[in-house]
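I have placed the structure first, in the form of structure tokens, so that the comments after it can refer back to it.
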Amino acid sequence: MSIIERKFYNRSTLIVARELLGCKLVRNIDGEIIQGIIIETEAYTQEDPACHAFKGKTLRASTLFKKPGISYVYFIYGMYYCFNVVTEPEGRAGAVLIRALQPFGKLNNTNGPGKLCREMKITKELNEADLTRMDSGLWIEKGESLAENNVIVTSRIGIKLAVDYPWRFYIKNNPHVSRK
DNA sequence: GATAAGATGTTA
DNA sequence: AACATCTTATCA
């Protein structure tokens, strides 16, 4: 029930990626609430070759340098959006890609970053939305804390660069993880 | 099961 | 030309 405040995001991207597991992503579309538990994340930082901000402050990547706790939504492969949460202090780039949700209520088919954006109607209109405020229509609430042995850490998916970084986190034995 | 290819538009 | 994806087809 309690919304996560900005200072949570104003930290190392790796820590935020780990701690977002178990939290609840909530969307309000004209009064209709849809929500899911975050069960899979990936971290991307300024010094990371796979990150959009690696080459500097391009138009698209400029969002990654802004204040923590806002969203970064980008369009990919001609058909899908991906939803990230901006981390690190303002001026430093960093984001956590939300890769999969455990559906809540009538939400369905959220086992992948493109699919969950489609299901929750997350589009570029929500880029730079403030996730610490309910009036943005998209926010994140605290969840149950997870035991360390329920978190699996592996390499990231769908990238060519820096494939050896163990920067993907997901909840053990959860059936909604992407790429089973 | 595995692997390959096609859809599709923005980015640099 | 590549891309932080997903679906469908074509093997085995």
Side-chain angles (χ1 to χ4, degrees), chain A residues 8-9 11-23 25 27 34 36-88 92-103 106-129 131 138 140 151-180:
Chain A
F8 173 90
Y9 304 105
R11 295 184 294 162
S12 155
T13 306
L14 275 297
I15 292 176
V16 176
R18 158 69 181 80
E19 293 193 8
L20 276 175
L21 292 180
C23 295
L25 181 64
R27 178 90 168 95
I34 50 180
I37 308 288
I38 298 170
I39 58 141
E40 181 179 351
T41 61
E42 284 180 2
Y44 289 86
T45 74
Q46 197 167 343
E47 298 78 20
D48 163 21
C51 181
H52 292 163
F54 183 68
K55 296 209 169 92
K57 221 170 185 170
T58 60
L59 181 60
R60 178 174 68 166
S62 65
T63 302
L64 293 167
F65 293 83
K66 295 190 178 177
K67 67 180 176 186
I70 63 170
S71 73
Y72 171 50
V73 180
Y74 63 89
F75 191 59
I76 191 70
Y77 296 123
M79 332 177 95
Y80 298 101
Y81 289 99
C82 287
F83 167 64
N84 299 243
V85 180
V86 174
T87 58
E88 311 274 349
R92 287 188 54 197
V96 175
L97 171 66
I98 308 303
R99 286 195 58 89
L101 302 175
Q102 172 161 322
K106 65 178 194 173
L107 188 61
N108 208 355
N109 217 23
T110 52
N111 57 332
K115 291 154 91 173
L116 77 86
C117 284
R118 171 185 292 186
E119 294 302 313
M120 294 195 90
K121 300 188 169 52
I122 295 172
T123 66
K124 61 173 190 269
E125 316 295 309
L126 281 167
N127 190 39
E128 302 192 1
L131 302 171
L138 185 66
I140 302 176
V151 177
I152 307 289
V153 184
T154 58
S155 54
R156 295 173 292 181
I157 285 184
I159 56 173
K160 297 261 183 69
L161 296 154
V163 286
D164 53 322
Y165 289 30
W167 284 7
R168 174 172 175 245
F169 303 85
Y170 66 88
I171 297 179
K172 189 177 181 177
N173 296 330
N174 192 294
H176 304 285
V177 169
S178 66
R179 302 265 188 110
K180 277 218 273 306

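At B:dT11, none of the side-chain N or O atoms of A:H52 fall inside 4.0 Å of OP1 or OP2 (strictly under the cut-off). Put simply, A:K160 has a side-chain N or O that comes within less than 4.0 Å of OP1 or OP2 on C:dC3. For A:R99, a side-chain nitrogen or oxygen approaches OP1 or OP2 of C:dT5 to under 4.0 Å.
In this entry the distance linking OH of A:Y165 with C1' of C:dA4 reads 15 Å, nearest Å. In this structure, A:F54 atom CZ and C:dA4 atom C1' are separated by 15 Å, rounded to whole Å. Taking atom OH of residue A:Y74 and atom P of nucleotide C:dA2, one finds them 18 Å apart after rounding to whole Å. Between the CZ atom of A:R179 and the P atom of C:dT5 there is a distance of 6 Å, rounded to whole Å. The separation between A:R60 atom CZ and B:dT10 atom C1' is 7 Å, rounded to whole Å. Here the P atom of nucleotide C:dC6 and the CG atom of A:L116 are 8 Å apart, to the nearest Å. Note: OH (A:Y81) to C1' (C:dC6) measures 16 Å, nearest angstrom. Between A:L64 atom CG and C:dA4 atom P the separation is 12 Å, expressed in whole Å.
We find that A:R11 and A:E19 are joined by a salt bridge, their nearest charged nitrogen and carboxylate oxygen being less than 4.0 Å apart. A salt bridge links A:R99 and A:E42; the closest N-O separation between the charged side-chain nitrogens and carboxylate oxygens is under 4.0 Å.
Between A:Y74 and A:H52, a ring centre-to-centre spacing shorter than 6.0 Å is recorded.
Residue contacts shown for A:K55 are absent, as no nucleic acid heavy atom lies under 4.0 Å away. Contact annotation for A:F75: backbone-only contact, meaning every heavy-atom pair under 4.0 Å involves sugar-phosphate atoms and none involves a base. Counting any heavy atom pair closer than 4.0 Å across all strands shown, A:G78 reaches a base atom.
Comparing the P positions of B:dA5 and C:dA2 gives an interatomic distance of 16 Å, to the nearest angstrom.
Using Watson-Crick or G-U wobble geometry with both donor-acceptor distances under 3.5 Å, B:dA5 finds its partner in C:dT7.
Listed nucleotides B:dA12, C:dA4, B:dA7 differ in distance to A:T58; the shortest reach to its side chain belongs to B:dA12.
In this model, no side-chain donor or acceptor of A:Y77 finds a partner on the base of B:dA7 within 3.5 Å.
With centres under 5.5 Å and a plane angle under 30°, the ring of A:Y44 is stacked against the base of C:dA4.
Taken to the nearest 0.5 Å, the NZ atom of A:K115 stands 12.0 Å off from the CG atom of A:L101.
Between A:I98 and the options A:I140, A:T41, A:I39, a side chain to side chain contact (heavy atoms under 4.5 Å, CB included) holds for only A:T41.
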